[in-house]
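Report on one structure; see the data block that follows.
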Amino acid sequence: MADAPRTVLISGCSSGIGLELAVQLAHDPRQRYQVVATMRDLGKKGTLEAAAGKALGQTLTVAQLDVCSDESVAQCLSCIQGGEVDVLVNNAGVGLVGPLEGLSLAAMQNVFDTNFFGAVRLVKAVLPGMKRRRQGHIVVVSSVMGLQGVVFNEVYAASKFAMEGFFESLAVQLLQFNIFISLVEPGPVVTEFEGKLLEQVSTAEFPGTDPDTLSYFRDLYLPASRELFHNVGQSPQDVAKVIVKVIGSARPPLRRQTNTRYTPLTALKAVDPSGSLLGRSPGGGHGNLLQ
Ligand SMILES: NC(=O)C1=CN([C@@H]2O[C@H](COP(=O)(O)OP(=O)(O)OC[C@H]3O[C@@H](n4cnc5c(N)ncnc54)[C@H](OP(=O)(O)O)[C@@H]3O)[C@@H](O)[C@H]2O)C=CC1
Ligand SMILES: CC1=C(/C=C/C(C)=C/C=C/C(C)=C/C=O)C(C)(C)CCC1
């Protein structure tokens, strides 16, 4: 007899990786999953529902969840049968880019509240149940920026480093409960993520930033970043496919990068302790970004 389907709770399913992952899991040919696809604003559920098609109401349900709110998390879990989540996917996330002097502390705190504390809040809510049942899987959509800092992404990278440190630490004590943690580390992915950042940058004035830094950001970083997304950016479908494999694995990996074309950059730390290679632009198109 087939095993009962596993309940998978995913945050941030209004677009991008979360949406694709929810749809792929819900269409699993062996129907191994009951997907609770969540988003903070249910007004955006149309795209997901259309992509889910016949799976909607069968293997996929949509629920409200703002990872920054205790009440919203409690309310969402109370709607899941028995409150039991077998697989939690911490996917919701926001970016922040630009010269540090021009970014407000409130904007930086929002990045940590969403990316780091949002994931911690959800884990605290589902972990007691997983421990009681002595099984579970927590998947974290981290980033290559959780392994390697990137110029003008200081706060976003710090939030992903924080996730890496937190979940790597937690993974050890959970092994005795048969609970696995997997940090998935995509490189650039072509989703609304980049568009949201570019929109934020196009209207931002970055007050208090000197002209040299502003020109470094606008004339060197932004074109190089666009080029990188264009040249090595993955589709959310491809990233979701990797996550589906990780979820389906009998012995899930602690870390999984999704883009082999980006991997050399994440190896810099190990091969170049001097830091002198860090500023070299891939392809040489923009010279050395640090000097
Ligand atoms: N795109 C990329 O290049 C990369 C992305 N990542 C990571 O992948 C994850 C998904 O991003 P991606 O699909 O690319 O981008 P999208 O912008 O398409 O998706 C982000 C999702 O997170 C949601 N979200 C934001 N804040 C909250 C919140 N407080 N509560 C619940 N949901 C929230 C958004 O909802 P809403 O629509 O309401 O804003 C949206 O559904 C993020 O963690 C990101 O850091 C990692 C590596 C690369
Ligand atoms: C590494 C690197 C660059 C930018 C990388 C970027 C922009 C990566 C984006 C990754 C994302 C979006 C991860 C999301 O979590 C530059 C500046 C092009 C050149 C110097 C080396």
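Just follow the structure's listing: the first ligand is 1, and inside any ligand the first atom is 1. Just so you know, these numbers use all the heavy atoms, side chains as well, and skip hydrogens, waters and symmetry mates.
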Could you check whether any heavy atom of P188 sits closer than 4.0 Å to an atom of ligand 1, since that is the contact criterion I want to use? yes

Would you say M39 touches ligand 1, if touching means a heavy atom closer than 4.0 Å? no

Let me have the donor-acceptor pairs involving side chains of residues 170-181, under 3.5 Å, with sequence neighbours excluded, atom names and distances please.
from, atom 1, to, atom 2, distance (Å)
Q173, OE1, K131, NZ, 3.2
N178, ND2, R134, O, 3.4

Would N91 count as a contact residue for ligand 1, given that I'm defining contact as a non-hydrogen atom of the residue lying under 4.0 Å from a ligand atom? yes

Going by the 4.0 angstrom heavy-atom rule, the piece of L265 near ligand 2 is side chain

Measure the distances from the heavy atoms of S11 to every atom of ligand 1 and state whether one is below 4.0 angstrom. no

So is S69 touching ligand 1 or not, going by heavy atoms under 4.0 Å? no

Less than 4.0 Å is my threshold; does some heavy atom of K160 fall inside it relative to ligand 1? yes

Examine the side chains of E185 and S142 and answer whether a donor and an acceptor come within less than 3.5 Å of each other. no

Passing option when S159 is tested against D113, T114, N110, N115 for side chain to side chain donor-acceptor pair (under 3.5 Å): N115

Under the rule for ring-ring contact (aromatic ring centres under 6.0 Å, His included), what residues qualify as partners of Y262, not counting sequence neighbours? none

Contact between G187 and ligand 1, counting heavy atoms under 4.0 Å? yes

For atom 46 (C) of ligand 1, which of the options S159, S142, P236 provides the nearest non-hydrogen atom? S142

